[in-house]
Amino acid sequence: MTVNFSAQDVELSDDSGYSITENTEVASATYKKTLGEERVGKYQAWFVPFDYTITAADLAKFDFFKINMIANAAQPGENPASDDVYIFLNPMAAGDVLYGNKPYVYRPKGAVTDYEFTTELATLLAKTDASVLQTSTTTATYDFYGTYANTTATTENPFYYVSVNGNICKGTTVTVGPYRWILRATAKDGISYAPNFSFMENGTTGINDVRSQMEDGRGEVYNLAGQRVSQPTKGLYIVNGKKVVIK
């Protein structure tokens, strides 16, 4: 099914495709979402073609996150196929805007049925086949694309997607529904690239915690270029897969 955009009040849901080709003003735009228990507490991809302002009522049902950056934390000399790549997430608050045609992450706190995200006097943005967000590390470039209809990966044209379980998986046959995002990775040196992606919520810890982990053999500290660090000073590091700010 494709949404009829002649209506003044437009409702989008995961069983309706989106084909608008130019920006359109409408009286209201609603994204209606149903989520089962299998998705509770797990990261999910958000991509909606209109701006939406997060409310306190939304935060009672969901956590929302902005994609802050992507960092590579591989050990020096590793083959790119074994790289660990982290997508860092910043938590969002009531009053923050989820901008249209931009990728975000959310996490349901409980199952919901036909939960409505509505913007009055909304602008529906035109669909685009181009990358909506691009970022890079020393190893590769990463492009995010929105899905406006069922989107299927193939062996010749694979992509990464957020699974029902909240993990970032590589797809070669999977079909992803509308109003989500997919991710493609392109190695800068031309080598076939298959990173291991993980989400990471931004947080801080202190130098004492880092040192205690290193002393008892638990700590592996890397800078954001993927180089192992034996004596970290002030700055941002990856410690056992977690983002750490040493002050």
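- With contacts defined as side-chain heavy-atom distances shorter than 4.5 Å, the pair Lys188/Thr137 does not qualify.
- Minimum heavy-atom separation, Ala29 to Leu124: CB-CD2, 3.9 Å.
- Counting heavy atoms from C-beta outward, Tyr104 and Met92 have side chains that approach closer than 4.5 Å.
- Using a 4.5 Å cut-off on side-chain heavy atoms (C-beta onward), Pro195 and Thr139 make no contact.
- Here the side chains of Gln44 and Lys33 are not in contact, with every heavy-atom distance at 4.5 Å or above.
- Under a hydrophobic clustering in which Ile, Leu, Val, Met, Phe, Trp and Tyr are joined whenever their side-chain heavy atoms come within less than 4.5 Å, directly or via other members, Leu98 and Ile182 fall into different clusters.
- Here the side chain of Thr24 pairs a donor or acceptor atom with the backbone of Glu22 at under 3.5 angstrom.
- Glu120 places a side-chain heavy atom less than 4.5 Å from the side chain of Thr118.
- The CG atom of Leu133 sits 7.0 Å away from atom NZ of Lys102, with the distance rounded to the nearest 0.5 Å.
- A donor-acceptor contact shorter than 3.5 Å is absent between the side chain of Thr113 and the backbone of Thr34.
- Ring centers of Phe197 and Tyr142: under 6.0 Å apart, within the cut-off.
- Separating the CG atom in Asn101 from the CG atom in Leu125 is a distance of 5.0 Å, to the nearest 0.5 Å.
- Between the side chain of Asn157 and the backbone N or O of Thr154, no donor-acceptor pair lies under 3.5 Å.
- A heavy-atom distance below 4.5 Å is found between the side chains of Pro178 and Asn150.
- By the 4.5 Å heavy-atom criterion applied to side chains, Gln8 and Val26 are not counted as neighbours.
- Each of Tyr43, Phe199, Trp46 was compared with Phe65 under the side chain to side chain contact (heavy atoms under 4.5 Å, CB included) criterion, and only Tyr43 meets it.
- Residue Tyr161 is tested with Val176, Thr151, Ile168, Thr147 for a side chain to side chain contact (heavy atoms under 4.5 Å, CB included); the sole match is Val176.
- Listed by chain and number, the residues in a salt bridge (Lys or Arg N to Asp or Glu O under 4.0 Å) with Asp129 are Lys127 (sequence neighbours excluded).
- Checking side-chain atoms of Asn23 against main-chain N and O of Ala126 turns up a donor-acceptor pair under 3.5 Å.
- Between Val164 and Lys42, the closest heavy-atom pair is O-CD, 3.8 Å.
- Put simply, CG on Asn196 and OH on Tyr160 are 8.0 Å apart, with the number rounded to the nearest 0.5 Å.
- Phe159 and Ile70 are not part of a single hydrophobic cluster, where members link through side-chain heavy atoms under 4.5 Å apart.
- To the nearest 0.5 Å, atom CG of residue Leu35 and atom CG of residue Asp114 are 10.5 Å apart.
- For Tyr99, there are no ring-ring contact (aromatic ring centres under 6.0 Å, His included) partners, not counting sequence neighbours.
- Here the closest heavy-atom approach between residue Gly171 and residue Val174 is recorded as CA-CG1, 3.7 Å.
- With rounding to the nearest 0.5 angstrom, the NZ atom of Lys170 is 11.5 Å from the CG atom of Leu183.
- Using bins of under 30°, 30° to 60° and over 60° for the plane-to-plane angle, the ring pair Phe62/Phe64 lands in the tilted bin.
- Following chains of ILVMFWY side-chain contacts shorter than 4.5 Å, one can reach Phe117 starting from Val10, so the two form part of one hydrophobic cluster.
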>> Please evaluate residues Asn165 and Ser163 with respect to the criterion side chain to side chain donor-acceptor pair (under 3.5 Å), reporting the C-alpha separation (whole Å), side-chain torsions for both, the decisive distance (0.1 Å), and the verdict.
In response: CA-CA 5 Å; Asn165 294 324; Ser163 71; 4.8 Å; no
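- For Tyr52 and Tyr31, the distance between ring centers is not under 6.0 angstrom.
- Across every non-hydrogen atom of Thr123 and Phe50, the tightest pair is O-CB, 3.5 Å.
- Taking the six-membered ring for Trp and thresholds of 30 and 60 degrees, Trp181 and Phe144 have ring planes more than 60 degrees apart, a perpendicular arrangement.
- What you find for Ala94 and Ala56 is that their closest heavy atoms are CB-N, 3.9 Å.
- With a 6.0 Å cutoff to the six-membered ring centre and a 45° limit on the axis angle, Arg184 counts as a cation-pi contact of Tyr145.
- Val162 and Val40 fall into different hydrophobic clusters, where Ile, Leu, Val, Met, Phe, Trp and Tyr are joined by side-chain heavy atoms under 4.5 Å apart, directly or via other members.
- Checking side-chain atoms of Arg39 against main-chain N and O of Glu37 turns up no donor-acceptor pair under 3.5 Å.
- With values rounded to the nearest 0.5 angstrom, Arg180 atom CZ is found 4.5 Å from Asp14 atom CG.
- The two residues Ile67 and Pro103 come nearest to each other via the heavy atoms CD1-O, 3.8 Å.
- Distance alone, capped at 3.5 Å, is enough to place a donor-acceptor pair between the Thr119 side chain and the Asp51 backbone.
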